[in-house]
2 protein chains.
Amino acid sequence: MPAAYSDPARFPVTVDVVALTVNEGALHVLLITRLIEPFCGELALPGGFVLPGEGLREAAARELAEESGVAQIPGYLEQLHSYGPQGRDPRGDVLTVAHLLLAPNFPVLAAGSDASGAGWYPVQKLLDGELQVAFDHLLIVSDAVERARSKLEYSPLGAAFCGEEFTIAQLRAVYEAVWDTRLDPRNFHRKATGTPGFLVDTGTVSGGEAGRPAALFRLADEARFVPGEPVRAVLNPPLMRPRG
Amino acid sequence: MPAAYSDPARFPVTVDVVALTVNEGALHVLLITRLIEPFCGELALPGGFVLPGEGLREAAARELAEESGVAQIPGYLEQLHSYGPQGRDPRGDVLTVAHLLLAPNFPVLAAGSDASGAGWYPVQKLLDGELQVAFDHLLIVSDAVERARSKLEYSPLGAAFCGEEFTIAQLRAVYEAVWDTRLDPRNFHRKATGTPGFLVDTGTVSGGEAGRPAALFRLADEARFVPGEPVRAVLNPPLMRPRG
DNA sequence: TCAAAAGTGTTCTGACTACACCCATGA
DNA sequence: TCATGGGTGTAGTCAGAACACTTTTGA
């Protein structure tokens, strides 16, 4: 028998954000140190309770800003998956809606009221068990990484890890870090620049590095992701990661 | 300032199920007629409130069983997306976690306490606006259909729409209905049977129809989806839908 | 014998791989 | 001039599209 419509059960709802970036050729995730119980002192994903009158995405952006110290969220944010409410918080049933943020490496310096020490940690150390995280956040991070990996194949979101303008080599470094693989620079260059509706040449070049300066690109207008909307442009043909 | 940890806001949480099937060569969705306010008398997705102590998937399976009248849920069930809590229910903030069910056409005969007249309706009539549904359920159905379409490319879930054993032509009819396209029967046959780890020939044939009897296949063991688990097997190479 | 549907062979084309090669810069 | 990395050309291979063709059944 379902609960009467007039008196349904109510649950606390949290949002958690898996912010991923590429740093030093490896995928990193943003973690905070919890200052309150439960799991006080342990690492966890930034997140917190949804407030009355808030939407999910709104809450995720607010929590991320509060706990990482950035005013404007860079990169691409989307909903990942919901977990719970059963059996994931020692205090009782709490539903969490996890979000995924793909972002360029931004500096974090926040100290919130219930979290501190936000910082980037190598994802591989979590997956290998070298770093512990609170709640079911290891599962959430695993799901997020898998989502990010497949996102790169069919969407232009690899560029979400880069700044506004970037070289093909920087974009390739993103793919190599996320997929944890090596790609042929020549073929990647041709594929990325040859995919219609993906990149446009800005006409400028990057300097200062060793070797020949690289051309700077940005996302084509039709591939740009606007903060509020789901990504629409599909890479066709996809940039497939090597299998097997 | 976030809400105090000890006193977070609480929200009613519902689960909604977008059950899709293929019938007469077209994609259909399971809808019920609401017997209570709001939207009394209108069509809506089967669903209802999550009860204390329940998990999301558990709640979705329970609601589907209650409102469609089937004891055992056939097919493949996965979480789709969460919506809300802001601005989607006239009574106030309600979070809903939508689920997607891909199932063979099963008979529905239920009458629940707050819903009746469960039945299969052509998805296209909803998308074309010929049929109205309550709440934001049109958006949810649209998202579900798009998810189903991409699922068929990279997973063996096309077979979730078929029974235990099926012919290649039946499987092809599923793909054609979901993608709303036509596929070359010869090439589809070769691709489906030639994809390693997808299908196994049962050795039996289907009879009774006009023309040469077709061999019956079932999913290979490694491609079977178990009720509780996410689908793991990836079709490689993918069965791509025709683009552009 | 004919219609209808299952299943196979064959050719063409286009995309990916691998790798050779040239280009532009700093030291 | 050499090292370093950016960018292009090209041949081999493989998978998909298109479609002719054979097979097996019911009427």
Side-chain angles (χ1 to χ4, degrees), chain A residues 24-25 152-154 158 162 165-177 179 181-218 234-244, chain B residues 24-25 152-154 158 162 165-177 179 181-218 234-244:
Chain A
E24 309 269 333
L152 291 211
E153 295 190 324
Y154 308 108
C162 303
E165 299 190 345
F166 47 86
T167 67
I168 300 297
Q170 287 166 347
L171 185 62
R172 177 167 47 85
V174 165
Y175 278 77
E176 292 183 333
W179 288 345
T181 187
R182 311 255 48 175
L183 299 172
D184 184 296
R186 291 81 59 114
N187 292 334
F188 182 86
H189 186 282
R190 210 183 347 239
K191 206 157 166 179
T193 56
T195 297
F198 185 19
L199 301 177
V200 289
D201 194 330
T202 63
T204 55
V205 293
S206 74
E209 302 286 311
R212 170 177 171 178
L216 283 168
F217 291 81
R218 61 174 178 79
V234 169
L235 255 43
N236 189 18
L239 267 160
M240 298 287 278
R241 63 182 134 165
R243 314 245 186 202
Chain B
E24 309 270 333
L152 292 212
E153 295 190 323
Y154 308 108
C162 304
E165 298 190 347
F166 48 88
T167 68
I168 300 296
Q170 288 167 347
L171 185 63
R172 176 168 49 84
V174 165
Y175 279 77
E176 292 183 334
W179 288 345
T181 188
R182 313 254 45 173
L183 298 171
D184 185 295
R186 292 79 59 113
N187 291 334
F188 183 87
H189 186 282
R190 212 186 343 241
K191 207 158 165 179
T193 56
T195 296
F198 185 19
L199 302 177
V200 289
D201 193 332
T202 62
T204 54
V205 292
S206 74
E209 302 286 310
R212 170 175 171 178
L216 283 168
F217 291 81
R218 61 173 177 79
V234 170
L235 253 44
N236 190 16
L239 268 159
M240 298 286 277
R241 62 182 135 164
R243 312 245 186 201

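Every chain is numbered from 1 and lettered A, B, ... according to where its sequence line falls, protein lines coming before strand lines.
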Considering only D:dG6, C:dC19, C:dA6, which nucleotide approaches the side chain of A:Arg186 most closely? C:dC19
Atom CG of B:Leu171 and atom P of C:dG7 are separated, to the nearest Å, by 12 Å
Polar side-chain atom of B:Thr167 near backbone of B:Gln170 as donor-acceptor pair, under 3.5 Å: yes
For atom CZ of B:Arg212 and atom C1' of D:dC21, their distance in whole Å: 12 Å
Interatomic distance, A:Asp184 CG vs C:dA15 C1' [rounded to whole Å]: 15 Å
Do A:Phe217 and A:Phe166 have their ring centres less than 6.0 Å from each other? no
Side chain of A:Asn187 only, please: which of D:dT8, D:dT24, C:dA18 is the nearest? C:dA18
When you measure from the side chain of B:Thr202 to the backbone N and O of B:Leu216, does any donor-acceptor pair fall under 3.5 Å? yes
So, is A:Lys191 close to the C:dC16 phosphate, meaning a side-chain N or O under 4.0 Å from OP1 or OP2? yes
Distance-only, no hydrogens or angles: does the A:Glu176 side chain make a donor-acceptor pair with backbone N or O of A:Gly25 under 3.5 Å? no
Measure CD/A:Gln170 against C1'/D:dG5 and give the value in whole Å, please. 13 Å
Using whole Å, what does the distance between atom P of nucleotide D:dG5 and atom NE2 of A:His189 come to? 16 Å
Give the rounded distance in Å between these two atoms: CZ of B:Phe166 and P of C:dA6. 14 Å
Tell me the interatomic distance from A:Glu176, atom CD, to D:dG5, atom P, rounded to whole angstroms. 13 Å
Starting the side chain at C-beta, find the nucleotide from D:dA20, C:dC19, C:dA6 nearest to A:Arg190. C:dC19
